[in-house]
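Shown next, in structure tokens, is the structure this report addresses.
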Amino acid sequence: CRFPSAGGCATQVGGTLGCAMTECIATMLYAAGRLDDVNASWYSLWYGGGPSTFYGGRRRDGIRVPQGIYDSHGSGLGATPTRDGVNTGGHMNIPGGGIVDMEKVEMAYPLLYFTRNHCRDSGGFGKYQGGAGSYRIFMIYGSEDFSTDYNPYSGIPESAFGLFGGYPVGTGGLRAMLDSPQLRGQLRAGSYPTQVEELLGGEWGRVVIPEGSPDRIDIPEYSLMADYITAGGGYGDPLERPAEKVALDVSIGLLSAQMAEKAYGVIVDRRTGGLDLKATEQRRQAIRAERLKEGKPYSGSTSAAGVPRSGNWRRILKHHEYLEVVGDSKGKYVRCRCGHVLCRAEENYKLYALQRKRDLLELSGRPLPSGEPYSAVYQEYICPSCATRLQVDVRVPSIDKDEPLWDLKRVPGILNFSTGPVTMLACSQLAGFRQIITSRQFLERGQLDIAPLVAAGIEFLYLEDLRAAVTPGAKLGAWLAAR
């Protein structure tokens, strides 16, 4: 089968760019109080690369078949401020799409499915857990002319973001082709693989890593293929998830007992499935102590210089699950819910939070299928007082600096006057605008009706008034500063 064919990866690039935008939009919507519209990523992948989904070749009846298998439309959805993400709920690019029955896929391709199910440990861990994606294990059957696209393993969680301390993605799933000469004998004996963990022990064959970086690889008949689909990002600190919910997730197969302990600090008996509340409380206290011990502030200080430790402040903006902007006429500050004041409102709070790197191999407990190390780390930010995890970023040390990314930064916004007062009001309320700078002359020439915005409590500042307030001394100072 020769390509080009009806398949390509442009939509994957678009999905990654879309996730970068939606992370920004999600934090903006939270700050605007639009919680119903806030979601973590719908498109999170633990790692990219390996054999992908654009298969091509001949079916069992000899007919050519070049196309992707769209099990990817069963992605997990992102967690929200009030609930878990939906398991295998849809796809960010096609929210109304669906996946077809395995039997129909088997009719159209030389494939025989052994399983397709919710992928254990795939949703981002958090107070609210990201929706699980799906995984599948199948073999090539009835064709000696079949291939798929291939990319080197990236070792980077892709298109992944969690919100306010939630993990960007879980660690579950396997994407690999296995050479399995013993497969037919095992099938005759009535045995076949249904869990990813079964494929990792070598009983079902060895992972095939092609030499070089081929665009496509041939898949011999009776090869085993394992793949998994994008999942949802998590929301909030995982230590705040009720232990009973974590134990339930273990009992129904969404979560492993190992990850329940590692990510959530919940101890579940691996034999009986019983929840040990006393051991859970002890483990969660130990995790908080580890965060405080291992984390170091990037700035060298856990509070900005000159920032008061407390005050008779009012809440100005709730822009984060655990943080808020408070202040009075003397200043505005970022404060954790525990009362710890991190910095001024115009500063990046991450400079003063504890920064802690999390090794992905240590977290997942297994390397990439190729045996290569992960390229990325999780960079966690933790309140230095109460040990609440505030944010988790994906960083690649070989190309990224340790300097913290901004989560929320105050920037000017531009309103398009041609959209009319109703749309401008909706945009202003969504963005949380409290002031609009314009000119009376512009409003008169444009015949713009600003009454709805004024009635909504938005203050207008006019350039004519600001110009009159600028003194000759201020003009001279600005001129000298610009030289």
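In this text the structure is predicted, and so the values were computed from the model without any measurement.
Remark: M102 CE is packed, more than 12 non-hydrogen atoms of other residues, nucleotides or ligands lying under 6.0 Å away. Surrounding CD of E144 are at most 12 heavy atoms belonging to other residues, nucleotides or ligands under 6.0 Å away. Around the CZ atom of F114, the shell of radius 6.0 Å holds more than 12 heavy atoms that belong to other residues, nucleotides or ligands.
Below 30°, between 30° and 60°, or above 60°: for Y47 and Y153 the angle between ring planes is above 60°, a perpendicular geometry. Between Y378 and Y167, the ring planes are tilted. Angles from 30° to 60° get that label. Using the six-membered ring where Trp is involved, F138 and Y113 have ring planes that are tilted, between 30° and 60° apart.
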Inset, instruction - Decide yes or no on side-chain contact (heavy atoms from CB on, under 4.5 Å) for L405 and N348, but give the supporting numbers first. - result: CA-CA 8 Å; L405 299 170; N348 186 352; 6.0 Å; no

Legend entry - Audit row: W42, H91, side-chain contact (heavy atoms from CB on, under 4.5 Å) steps and yes/no: CA-CA 7 Å; W42 287 23; H91 192 283; over 6 Å; no

Inset, instruction - Give the intermediate values and the outcome of side-chain hydrogen bond (donor to acceptor under 3.5 Å, both in side chains) for residues R58 and S143. - result: CA-CA 6 Å; R58 294 182 183 274; S143 176; over 6 Å; no

Inset, instruction - Quick one: do T148 and I217 satisfy side-chain contact (heavy atoms from CB on, under 4.5 Å)? Show the steps, please. - result: CA-CA 6 Å; T148 189; I217 58 172; 4.0 Å; yes

Inset, instruction - Decide side-chain hydrogen bond (donor to acceptor under 3.5 Å, both in side chains) for S75 and T230; before the verdict, give the C-alpha distance in whole Å, the side-chain angles of both, and the deciding distance to 0.1 Å. - result: CA-CA 5 Å; S75 301; T230 51; 2.6 Å; yes

Inset, instruction - Could you walk me through whether I137 and L199 pass side-chain contact (heavy atoms from CB on, under 4.5 Å), step by step? - result: CA-CA 10 Å; I137 301 173; L199 303 181; 3.8 Å; yes

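In this structure, the side chains of Q186 and Y192 stay at 4.5 Å or more apart for every pair of heavy atoms. In this structure, P404 and Q355 have side chains that are in contact, with non-hydrogen atoms separated by less than 4.5 Å. Looking at L35 and T82, their side chains never come closer than 4.5 Å, going by heavy atoms from C-beta outward. Looking at heavy atoms from C-beta onward, D249 lies out of side-chain contact with Y264 at the 4.5 angstrom threshold.
Paired with Y322 under the rule side chain to side chain donor-acceptor pair (under 3.5 Å), one option of Q391, R389, E240, R337 passes, and it is E240. Checked options R356, R395, K296, K357; the residue passing with D402 is K357 (criterion: salt bridge (Lys or Arg N to Asp or Glu O under 4.0 Å)). Remark: of the listed residues R291, R288, K127, R291 is the sole one forming a side chain to side chain donor-acceptor pair (under 3.5 Å) with D237.
Formation of a donor-acceptor pair under 3.5 Å by the S223 side chain with backbone atoms of I219 is not found in this model. When atom types are taken as modelled, the side chain of N87 and the backbone of G131 share no donor-acceptor pair closer than 3.5 angstrom. T280 places no side-chain N or O within donor-acceptor distance of the main-chain N or O of V266, the cut-off being under 3.5 Å. At least one donor-acceptor pair under 3.5 Å links the side chain of T22 to the backbone N or O of G18. Remark: side-chain polar atoms of E198 are paired, donor with acceptor, to backbone N or O of T194 under 3.5 angstrom. Using a distance-only test at 3.5 Å, with no hydrogens or angles considered, no donor-acceptor pair links the side chain of E261 to the main chain of Q258. In this structure, H320 contributes its side chain and L390 its backbone to a donor-acceptor pair below 3.5 Å. Listed for the S154 side chain is a donor-acceptor partner under 3.5 Å among the backbone atoms of I156.
Taken from SG in C19 to CZ in F161, the straight-line distance is 6.0 Å, to the nearest 0.5 Å. Distance CG/D37 to CZ/R34: 5.0 Å, rounded to 0.5 Å. Remark: M177 CE to R206 CZ distance equals 8.5 Å, nearest 0.5 Å. Taking OG of S44 as the start and CD1 of I229 as the end, the distance is 13.5 Å to the nearest 0.5 Å. Summarising the geometry, atom CG belonging to L275 is positioned 11.0 Å from atom OG belonging to S251; distances are rounded to the nearest 0.5 Å. Between atom CD of residue Q285 and atom CD of residue E290 there is a gap of 12.0 Å, rounded to the nearest 0.5 Å.
Under the 4.0 Å criterion applied to side-chain N and carboxylate O atoms, K350 and D393 are assigned as salt-bridge partners. Using a cutoff of 4.0 Å between basic side-chain nitrogens and carboxylate oxygens, E324 and K318 are not scored as salt-bridged. Between D84 and K245, no side-chain nitrogen of the basic residue sits less than 4.0 Å from a carboxylate oxygen of the acidic one, so the salt-bridge criterion is not met.
Here the closest non-hydrogen pair linking L174 and Y228 is N-CD2, 3.5 Å. Q182 approaches G205 most closely through the heavy-atom pair NE2-N, 3.4 Å. When every heavy atom of S375 is checked against every heavy atom of V396, the shortest pair comes out as O-CG1, 3.5 Å. T16 approaches S159 most closely through the heavy-atom pair OG1-OG, 2.8 Å. When all heavy atoms of A132 and L254 are compared, the closest pair comes out as CB-CD2, 3.9 Å. Nearest heavy atom pair, residue I69 against residue Y55, reads CD1-CD1, 3.6 Å.
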Acceptor/donor pairs from residues 116-123 side chains to any protein atom, 3.5 angstrom cut, sequence neighbours excluded:
| from | atom 1 | to | atom 2 | distance (Å) |
| --- | --- | --- | --- | --- |
| R116 | NH1 | D71 | OD1 | 2.9 |
| R116 | NH1 | V100 | O | 3.1 |
| R116 | NH2 | V100 | O | 3.0 |
| H118 | NE2 | T88 | OG1 | 3.1 |
| R120 | NE | G253 | O | 3.4 |
| D121 | OD1 | S256 | N | 2.8 |
| D121 | OD1 | S256 | OG | 3.4 |
| D121 | OD2 | S256 | OG | 2.8 |
| S122 | OG | C119 | O | 2.7 |
| S122 | OG | G133 | N | 3.2 |

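If you look at Y235 and F164, their ring centroids are closer than 6.0 Å. Aromatic ring centroids of W46 and Y374 lie under 6.0 Å apart.
Seen from the ring of Y141, R60 does not count as a face-on cation partner, given the 6.0 Å and 45° thresholds. Cation-pi geometry between R241 and Y128 is not met at under 6.0 angstrom from the ring centre and within 45 degrees of the axis.
With hydrogens and angles left out, the side-chain atoms of Y381 and D407 include no donor and acceptor closer than 3.5 Å. Between the side chains of S418 and N416, at least one donor N or O lies within less than 3.5 Å of an accepting N or O.
The list of side-chain hydrogen bond (donor to acceptor under 3.5 Å, both in side chains) pairs with a residue in residues 97-109, not counting sequence neighbours, is empty.
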